[in-house]
Structure formats: C-alpha cells, structure tokens
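Values below: all heavy atoms of this structure, side chains included; hydrogens, waters and symmetry mates excluded. Each chain gets a letter, A, B and so on, in the order its sequence line appears, and its residues count up from 1.
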Amino acid sequence: MTTRLFGSGIRRREDPRLITGQAAYTDDIKLTGLVHAAILRSPHGHARITSIDTAAAAQAPGVLAVYTGADTEGVLNPIPCAWVIPDSDVKAVAYPAIAKDVVRYVGDAVAVVVAENRYQAEDALELISVDYAPLPAVVNPEAALQEGAPQLHEDAPGNQAFHWVAAGGDTDAAFDRAEVVVRDTIIQQKLIPNAMEPRSAIASYLSSMGELTIWNTSQNPHIARFVTCLVTGVPEHKIRVIAPEVGGGFGSKIAVYPWEMIAAFCAMKLGRPVKWTETRSENFVATTHGRDHVEYVEMAATREGRITGVRSVVYAGMGAYLSTAAPGIPTILHGLMYSGPYDIPNIKADIYGCFTNTTPVEAYRGAGRPEATFLLERLVDLLAAELNLDPVEVRRLNLIPKFDDGHDVAIGLTYDSGDYQRALDMALEHVNYGHLRHEQAHQREHGHYTGIGVSCYSEICGLGPSQVAGAVGFGGGLWESATVRFYATGKVNVYVGTSPHGQGEETTFAQIVASELGVPVDDVELIHGDTDNTPMGWGTYGSRTTVVGGGAVALSARKIKDKAVTLAAHLLEAAEADIEYADGNFFVRGAPDQGKTIQDIALMANVAWNMPAGMEPGLEATAFYDPPNFSYPFGAHVAVVSVDPDNGHIVLERYVAVDDCGPQINPMIVEGQVHGGVVQGAGQALWEGAVYDDSGQLLTGTMLDYALPRAHLVPDIETLATETPSPHNPLGVKGIGETGTIASTVTIYNAVIDALRPLGVTKLEMPLTPERVWRAIHQQDHQQDQQQDQQQG
Amino acid sequence: MKVPIKVTVNGKVCESEVEPRTLLVHFLREELGLTGTKIGCDTSQCGACVVRLDGATVKSCTCLAVQADGMAVTTIEGLAQNGNLHPVQEAFWDNHGLQCGYCTAGMIMTVTELLQRNPHPSADEVRAGLEGNICRCTGYHNIVKATLAAAETMAAAPASTTATTEATEATGG
C-alpha cells in the first residue's frame, strides 16, 4: 500500500494550519518586550547626504532610539556578496547596512527608528531631517557602462561589476561561415518579485550568553546564519536563524539583506527584541528585483534551418550593489544555457554586470534560464520566419535526440537525460497544431488575429555538485542533509536543511519516507527552517529542494532500512541475506506473516532490550547528499492568444505545458508548481515591469502601478507530462519549481508576434501592454500609408 | 486620545479602546491576536486582509477599527465551526488551492461571500469575483477549481450551507 505513495497526488499535510489562519509567519510572532523598527529610506536614486538631524525623532513618543550610518559603521560589516564568479573581475563593492555619505538607490537605508509600537516608529521617521545633494543617476544597464555615465562606486570604474565570457566551439568562425544570421535586441525588463508575504525579521539578543536569534522570512536560514555571523561578528554557533512560515519567495528571500542586520544591531544595542516588517511600498524598493538585461543576440544557421551558432552581448543590471547571489545569475545560470534543448556546436556568451541606481537584483523565479530560453526561442522563431519555415519544423530539426544517461553540449555541461521530441509531439498533439494553424488562417481572413507560440526548453536546476559550486565561485556548498528519526511509537520526524516556503515538501518528503520505509504518511512529520534543530542545508532555490534535499531524505531512509534489516535478522534469528522487505515488513524469505514491521523494529531499536552485538541503540540516520550533476528538466509549451488590433488588447486564450521532471512524487503539487510558474512568466510577457525615471525614481512602486497577474486575466493552464528519470538522482527526479516561468514568457511573446505578423509587427518590448501593441500596429499602418503615398507620389 | 469600540469578532464581543487611526487589520492582529488575517499591501490591492464585516467582504487594511464599532467581524479563525472546516476551507485543501498560504485567508473569506451571493458561479464568474485578491503562487487555476468544488459541495449538502449561514448570522452577517 505504502509504496504507492510515491506518485500519489495526496492533499498537502501543511494545509490545515494555512487554511485556518493558525500558521505563524514572521510578522505574526510576538515576543515579550518586543519593540518595532522602521527604516528611513532614500527618496533619491543617487545623492550625497550632507546632514542628518535625528533629534526631534529621538524625542518623539515611544521612541527608544534612532540610529544612522554613523552608528552602524564599524559595528556592522558590509553585506557580502556570496557568488563571486571567477575570471570576471568582480567588483564586490562595499554594501553598508545603512548608507552614511552617499545613497545609491531609492530604498537605500539612511536611518532606523525603534519605538514601542509601529505607529510610533513610523511617526518618528517623519521627524528625521536629511539634507541631500542629488547626484546624476543612471538606471539602464547598458547606459551605465557608457563613457561619461554617472559613477556609482569609486572602486568599480565605469560601473562595471564584472565581465564574464563563456564559449564552446568556434563561434565567431561559425558566424563568418553562416548562410543565415538572425539578430535581435531583447530587453529583459526589470521585475519585482512580489511574494505575497512582505519581508520581515525579528532579532533577539541574549547578552549574557552572546546569543543572537533572528526570525527571518528566508528561503535559506542556514545561509542567513552564515552571512549574519560575517556581518555582525557574532560567532556562527551563537546565532540561530528561524524561517517560520514563509509566504513565498521566488528568489527575493534568498539574499541576506541589510534590514535584518539592522534589526540585529538594534536588538543588541537596546537589549529588547526588535521586529521590522516592510510595507508593500517598501518592498517595491527594498526587496530585490529580477532580470534587467539589455541583450544583443544572434543565431547562425544553414539555409535548411540547422543552427550552427548562438552568441550574445548582454548588459545585466545588478542594481546599486551586488546582492548575495546576483553575479551568478546572468552568467552561470544564463550564459551556460544557450544550447537549451538543441544541438548547437558553437556558443558564446559575453556578459557585462552593470551597477545602476536601482534596487539590487537577485534571483527571480527561473533566474537566468528564462532569459536564456527567451533569447533562444525568440531567435528560433526569427530563423523560421527568415527561412519561411514553420517554427515547429526548425525546432524539430535541431532538437537533441533522446538520451538516457548524459549528453555533452558545446559549452561543457553534461545534461542528465532528455526526450525533447516526445514532449514537443505531446504538446502539438494535445492542441492539434495542424488544426490550430488552419483555424488561425481562417480567422485572419475574417480580421481576427490569433497567434500561436510554441517553445521547447531545457533548463539547469537542482543546484548542484558542490565541486562545481566551488569552481564557479559560489560561496558555499550545494549539498543537502537530512536526518530521519524513528521513535519507539513508530512515528517519524524528518529534519532537513532545506527550507520550503509553499512548495509542499512537508508532504512530498513524507511521501518519500513513507514509500521507502512503509510507514503511513501521516506518521511522518517534517522539521525545517530552524538552524538550531535542523542539519545544515543550503536552501530552497534553483529548483533544488526535492532534487537535492529529497535525495538526502531518500538516502537517510535507506540507511534506516539497512539497519532495520540487520535488526530484523537478529530478532527473527535468521541470516541477513534471508531477510526480505515489502511495504514496511521485514521477514524471512517465504514467511511474510511472521515478519517484523518497521514499527516493531523502531520500538526495539529505541528500547534496545534485544540488540545484535555491537549495534548502537536508536533508529535514526543522517545522510549528506552532494549530487553528482545538476538536473535538467525540459518540456514543450504552447500558447494561443488573440489580439484586438483596434485597442491592442491581448487575451491569453489557452496555455498548454508539457513538462518532464522525471517521476513525480506528488502530481498535484507538480501541477500546482507549473500553474503558478506559467502565470508568473505570463506576468513578464504581458503586464509586469519596473519603470524608473532618469533620476532613479521607481515609477511603478505600488501594486496600483505594477500590474500583477490576476485571476480574470489568465485561463486554466493545461498541464501534461512526460517522464524521463534522471540517472543522476537517487529518486530519478528533476526540479519543477521554475519550468513554468522559464518557458511561458517567450511562448506567450512568440504567440503575440505570431498574431501580429500579418499586420507587419515583428518586434515589441515587454510587457506587451495594449498601448505598446496598438502603437506598433498603428506605426505599421502609418509607415505603409507613407510608402503608398511615396509610390503614388 | 483613544476611542471605545465594541466589535463582535467571530461571535465574541470585544470591547476595547483604540486610537482613531488604528486600522481594523491591526486591531485584529495586534489587539486581539487574530493573526490569520494578513497584510499583503498598503494600497488595497492584494486582498490578503479580507474579512467579513456584517457579512460583506472588506479589506481590513482599508477600514478603521472605529468603523467596525457595533458591527460583527468574521475572520478566517471564525470560519470552522465545532472543529469542522468550512466547505470552502475543505475545498481549498482538497484542490491544492494554496501554496505558501499567505493570500489564503483573504481568498477563502472572499470566496465564502462570493458563493453566498452566487451559489452556482461559472469559472468566469469566479475569476471575475477574485479580481481583488492576488495570489502569486497558484496561477489561480486551483483556486478557481476549489471554489467551483466548494459550490458543488455546498449545493449537495445543505446542512453545511446552513451551518455557514448560521455562523454568518451569529456574527451579524
């Protein structure tokens, strides 16, 4: 019975507390003596602070203290960047917790007020008087690198944060010889993640013991502890970081921010626990953003449509400082994925990291792979248009044939397994592609413009082998660990280092243990998020929790099984070799009725009344799992849109996602990840974009101005799956958290361009707002009119 | 200066004195410790803070506690009756209508009102009815599915619907 749990879409075990309001997120937690911090943030994109007067604020009702950069300087170390990619001249500029002399983006901290309650803290912020001398700002990554651009940091000349080049094959020669070259300029607009739970932290310091505890909305509490020790100087073993219930992250809760360091500073100064919770408006400027590339990309091919090369020059905005993992995103997670699912012999990625007067950039769902997939799938569509081929045929021609155990691509990665053609076939069959094209032609005759976008993708996730992490400058390992502990009653706790925040691993990890050891799933409880009672882990991002963390859980369970076999043999007075296992029962071959259940074994191991000589008591195992390779999920997506040429309005009519993450532990959860990912990617294509003015003001600073996907704007998402196990994972599984976002932005974009092609529109900037679409159509009309006038004239 | 208010919250009369500027959501969360209601934005866009005030859905971040004086508030904590989940809660659980859970209280409260107003909505009507609630995790797919499933359950088992109505009436809905 229990073995069937792997693959079963059981409802989630974490949900009861979430649907009743009993879950405790950071801001829900109260401590005795708790006081509240509010942070004064720069209203300027770039300015020199000439004076700060905090006297009035310090005397406001309820205020305990006001601190500025002068107070934190020398006490809090600068916030470090943890991904310093090698051979790229990374300028890890100082990132002070509170700016002292110069503010470099709207949102930079200038002062902090601590008061008895939040209303008082915010009142007092308004009494702080800061004189700023505004400086010229630069917000566009490419412009930031131009001669004469305003300079952000003295130690990063020309605003260049890094320059990284990766190449495989002889790309320049491939382009020189190419029969066809297609090019595009792509703006990957800056995005604002908007996890529904704003960021929050509570810091509490036990001065007598020198112990610092931080409750933190983090995707990676163990990394947060590590970095907190570097910034505060409190030794790592005296720091406890707790990520309680965390309300979504999408990358924005990876970074270790100045804000929780400021809370820690205040708590240590005042001897009171200090809570800081951002408002949503604060979140828009103070929590990391994503994407922000200006890309010049090109593809070389033969006249038959065989791709011979891809190369790029990319200006990747980093914002004003380097956030924790930021440099790795446009480089390792983007530049190495230019092959996607295709057999492309020559690849070159030329990536510049650029400082701008904007909020720092971090991973945002997909982190680098949506950008890579976008440019590749965009270029394939351009190539098809250039050669007058069906875009599906160009894809078919170039897909890497099925492989089960490793495939080397030109850039040097080894994909684990793939069956790209099958995913594409399934998607096309599901939508009846031929019929769709026929319908489209028919509708065009009647003045209705529908578009079909088809894309294939392969992505890199399940980060990753620690040896590779070291080689690419990641400031830590990427293994995971898990402890499985059986109690005398047969109940089980599983302690893991990863820290899910909505992805449902309390259920899927319990399913893994239940499947491996035959215990009822309800007897397994997952413990995560608290560095004091979980083994080390590197966090939940890069679609790695189930792949790497789940691998560790499976290996722990298998260690338990090994011990259980030995103990069962002892109890059954049989040789170990004669012990068989099925569904939680250990028995002598041929006598399943007289076996010992895992619960019997757990009881005996815990009381230890009758153990084999030399066997330690207890039924508990810890496994550390360092994956031998990344995981490479893949799939094919289809979008169908209609565009109203009169007003530029786009309707996403259908979305079909075929994804392959290997065997699915819980298909309901897998589908949920795809639904959410697809809609998040649709957000980039159609609605979302951070807009700054030239002085660095964020013009889209609230949910009123920054358009997030809403229920009435999207259709049901049709999800299908193929199953190609990874040979490099104990469970065969691959990541699924980001695939939707990785594929959907370009799939929808290509569908819109497909719809508009008869109107002469071949290019648009995202998000594809009705105004932009209407203007593009109108401009084409205008140009055609002019041409006609000229011809007639 | 503080103002006395008397609010019936989840069937229980709460008398308190609040600053006039105190938002209802802060009163619920800070004063009463009912932290199930969430704050997701500060511009009345996201709907994480939706509660029912005399039966109507309101965004409790855009409502002063003093405006609730003499009225009845139902929050997510008041939805389950006698240990039994409300059919909407059950449907969200059954249909994976939540991931991180942060928008969930507001979603569920909105859906209870939506289904009272329109017991047999179409999928499009559900989507239109959720316009004021943002979810970043689910892509809305399973929230719509859960809502339609709850509608079916509530139609098939009038007992639970009655219980809901009673609960709402008890809190002044």
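Side-chain contact check for A:P709 versus B:R136: some heavy-atom pair is nearer than 4.5 Å. Side-chain atoms of A:R280 and B:D42, non-hydrogen and from C-beta on, do get closer than 4.5 Å to each other. You'll find the side chain of A:I19 reaches within 4.5 Å of the side chain of B:L85, heavy atoms only. The closest side-chain heavy-atom distance from B:C100 to A:E197 is not below 4.5 Å. Taking 4.5 Å as the limit, every side-chain heavy atom of B:Q99 sits out of range of all side-chain heavy atoms of A:Q503. Within the 4.5 Å cutoff, no side-chain heavy atoms of B:Q45 are placed close to those of A:D705. B:H141 is not listed as a side-chain neighbour of A:T719, based on a closest heavy-atom distance of 4.5 Å or more. A:R12 places a side-chain heavy atom less than 4.5 Å from the side chain of B:H96.
The parts of B:L98 that come within reach of chain A are both its backbone and its side chain, each placing non-hydrogen atoms under 4.5 angstrom from that chain. Residue A:V714 touches chain B through both its backbone and its side chain, counting heavy-atom pairs closer than 4.5 Å. At a 4.5 Å heavy-atom cutoff, the contact between B:T22 and chain A is made by backbone and side-chain atoms alike. Heavy atoms of A:V674 lying under 4.5 Å from chain B are absent altogether. Heavy atoms of A:T20 lying under 4.5 Å from chain B belong to its backbone as well as its side chain. For chain A, the nearby part of B:T104 is the side chain; its heavy atoms alone come within less than 4.5 Å. The parts of A:I669 that come within reach of chain B are both its backbone and its side chain, each placing non-hydrogen atoms under 4.5 angstrom from that chain. At a 4.5 Å heavy-atom cutoff, A:P500 makes no contact with chain B through either its backbone or its side chain. Neither the backbone nor the side chain of B:L34 comes within contact range of chain A; no heavy atom of the residue lies under 4.5 Å from a heavy atom of that chain. Both the backbone and the side chain of A:D27 come within contact range of chain B, each with at least one heavy atom under 4.5 Å from a heavy atom of that chain. Only the side chain of B:Y140 comes within contact range of chain A, with at least one heavy atom under 4.5 Å from a heavy atom of that chain. Both the backbone and the side chain of B:E30 have a heavy atom closer than 4.5 Å to some heavy atom of chain A. With a 4.5 angstrom heavy-atom cutoff, A:E671 does not touch chain B via any of its atoms. With a 4.5 angstrom heavy-atom cutoff, B:A80 does not touch chain A via any of its atoms.
With salt bridges taken as basic N to acidic carboxylate O contacts below 4.0 Å, one links B:E90 and A:R11. For the pair A:D28 and B:K38, the salt-bridge criterion is met [side-chain N within less than 4.0 Å of a carboxylate O].
Contact tally against chain A (heavy-atom pairs below 4.5 Å) for B:L130, B:V144, B:T138: the top residue is B:T138. Ranking A:V679, A:L704, A:L713, A:T702 against chain B, the residue ahead of the rest is A:L704, based on heavy-atom pairs under 4.5 Å. Of the listed residues A:D15, A:I717, A:V678, the one with more heavy-atom pairs under 4.5 angstrom with chain B than any other is A:D15. Options A:G683, A:G740, A:P16 differ in how many heavy-atom pairs under 4.5 Å they form with chain B, and the most are formed by A:P16. Most heavy-atom pairs under 4.5 Å with chain B: of the set A:G21, A:A711, A:A23, A:P715, this distinction falls to A:A711.
Pairing each heavy atom of A:R710 with each of B:I134, the nearest pair is NH2-CD1, 3.3 Å. In terms of heavy atoms, B:C41 sits closest to A:M703 at CB-SD, 3.7 Å. The nearest pair of heavy atoms linking B:Y102 to A:G247 is CB-CA, 4.2 Å. A:M196 approaches B:C103 most closely through the heavy-atom pair CG-CB, 4.5 Å.
Under the ring pair (Phe, Tyr, Trp, His ring centres under 6.0 Å) criterion, A:F284 pairs with A:Y706, not counting sequence neighbours.
A donor-acceptor pair under 3.5 Å links the side-chain atoms of A:Y25 to the main chain of B:G101, judged by distance alone.
Sorted by first and then second residue, the ring-ring contact (aromatic ring centres under 6.0 Å, His included) pairs involving residues 12-50 of chain B (not counting sequence neighbours) are A:Y119-B:H26.
The distance from the CD atom of A:Q22 to the CD1 atom of B:I76 is 10.0 Å, given to the nearest 0.5 Å.
Around the CD atom of B:E17, the shell of radius 6.0 Å holds more than 12 heavy atoms that belong to other residues, nucleotides or ligands.
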